[in-house]
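Note that this is a predicted model, so its numbers are computed, not measured.
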Amino acid sequence: MSMPTIFVSHGAPTLILEDIPARAFLANLGRQVPRPQAIVAVSAHWDTDVPAVSLARKPDTIHDFYGFPEELYRLRYNAPGAPALAEKVAKLTGAAHDHHRGLDHGAWVPAMLGWPEADIPIFQLSVQPGQTPAHHIALGRKLAPLREEGVLVMGSGSAIHNLRALTRDGGSSEPEPWAQAFDNWLAEAVEKGDEAALADYRARAPYAREAHPTDEHFLPLHVAFGAAGEGAQGRTLHRSFTLGNLSMASYAFT
């Protein structure tokens, strides 16, 4: 079976504790895609100058955040790594080896919600914020053969990520017009499979600077898009907002 690739918006670390639509969506993720043989997580929270892949046999749960409820720091996602598959990814992409990197919250939060049994091997591939979206589409293309082996490429970032534009009112605020405009543009570009638009989103998308002051939370989408292969089409899995302007949109590509 040829696996889809996916991009999920992972939200704040507290997502796993919150009663919001995006959490409910991620808790059902394991039933929306075929059960993978392994997961390659491409998280916004592991950024390197050149691609790197984790070969850890037992990835640690990295609590890469501060000032959150104590119960978050007690959570552990004890899924195994996949060193042999990670080595294959390194050969496909030219990525450097990292034998110690565990799972940051961009990886373990959606994985814990989607596959709570923690019985699917998972490891991470880094993003390079100093490189372009086109670089990340090309990086994803090198992962495309994994789909035929039942491997799920999961990009994890945020469809909109502007921390200065968030509200702290429990998520009751409506998104501002600029956020809605960017989110609508993204859904249309994804569903059309518009590679040129996605690669050049800074010039083509409305309010791109407001939606993404920096690129790192958007680049996992480009990897997931590329990993679906030439001519990939997208479909919307979920759309919602939290904290005002934080889009939690998620997509699948085939």
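Counting only N and O atoms by type, the side chains of Thr236 and His238 include no donor and acceptor under 3.5 Å apart.
Residue His222 holds its NE2 atom at 5.5 Å from CG of Leu198, rounded to the nearest 0.5 Å. With rounding to the nearest 0.5 Å, the separation of CG in Leu29 from CG in Leu113 is 9.0 Å. A distance of 11.0 Å separates CG of Asp194 from CG of Leu186, quoted to the nearest 0.5 Å. Going from atom CG of Leu143 over to atom CG of Leu125 covers 6.0 Å, rounded to the nearest 0.5 Å. Atom CZ of Phe218 is separated from atom NE2 of His136 by 12.5 Å, given to the nearest 0.5 angstrom. One distance of note links CG of Asp98 with CH2 of Trp46; it measures 4.5 Å at 0.5 Å rounding.
Atom CG of Asn28 is surrounded by more than 12 heavy atoms from other residues, nucleotides or ligands within 6.0 Å. In this structure, Arg235 places its CZ atom where only 12 or fewer heavy-atom neighbours from other residues, nucleotides or ligands lie under 6.0 Å away.
For residues 13-35, the set of pairs meeting the salt bridge (Lys or Arg N to Asp or Glu O under 4.0 Å) definition, not counting sequence neighbours, comprises Arg35-Asp119.
Note: His217 and His10 meet the aromatic proximity criterion, with ring centroids under 6.0 Å apart. Within the 6.0 Å centre-distance limit, the rings of Phe253 and Phe225 are counted as a close aromatic pair. Between Phe182 and His212, the gap from one ring centroid to the other is short of 6.0 Å. Under the 6.0 Å cut-off for aromatic ring centres, His105 and Phe65 qualify, their centroids lying closer than that. Checked against the 6.0 Å centroid criterion, the rings of Trp108 and His63 qualify as a close aromatic pair.
Side-chain atoms of Thr167 come within 3.5 Å of backbone N or O of Gly244 as a donor-acceptor pair. Judged by distance alone, the side chain of Asp104 and the main-chain N or O of Ile62 form no donor-acceptor pair under 3.5 Å. Remark: side-chain polar atoms of Arg147 are paired, donor with acceptor, to backbone N or O of Ala228 under 3.5 angstrom. A donor-acceptor pair is defined here as one N or O able to donate and one able to accept, closer than 3.5 Å; no such pair exists between the side chain of Ser2 and the backbone of Glu148. No donor-acceptor pair closer than 3.5 Å links the side chain of Glu195 to the backbone N or O of Gly193. Distance alone, capped at 3.5 Å, places no donor-acceptor pair between the Arg141 side chain and the Ala227 backbone. A donor-acceptor pair is defined here as one N or O able to donate and one able to accept, closer than 3.5 Å; no such pair exists between the side chain of Ser9 and the backbone of Gly11. Checked by atom type and distance alone, the side chain of Ser240 never pairs as donor or acceptor with a backbone atom of Pro21 at under 3.5 Å. Here the side chain of Asn162 pairs a donor or acceptor atom with the backbone of Glu210 at under 3.5 angstrom. Judged purely by atom type and a 3.5 angstrom limit, Thr132 uses its side chain to pair as donor or acceptor with the backbone of His135.
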- Report the C-alpha distance between Leu146 and Leu85 in whole Å, list the side-chain angles of each, state the deciding distance to 0.1 Å, and finish with yes or no for side chain to side chain contact (heavy atoms under 4.5 Å, CB included). CA-CA 9 Å; Leu146 300 177; Leu85 182 59; 4.0 Å; yes
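Each of Thr5, Val8, Val190 was checked for a side chain to side chain contact (heavy atoms under 4.5 Å, CB included) with Tyr251, and the lone residue meeting it is Val190.
A chain of hydrophobic side-chain contacts below 4.5 Å, direct or via other Ile, Leu, Val, Met, Phe, Trp or Tyr residues, connects Leu103 to Phe68.
Between Arg76 and Asp60 there is no salt bridge, since no side-chain nitrogen of the basic residue lies less than 4.0 Å from a carboxylate oxygen of the acidic one. Salt bridge present: Glu149 and Lys88 bring a charged side-chain N and a carboxylate O closer than 4.0 Å.
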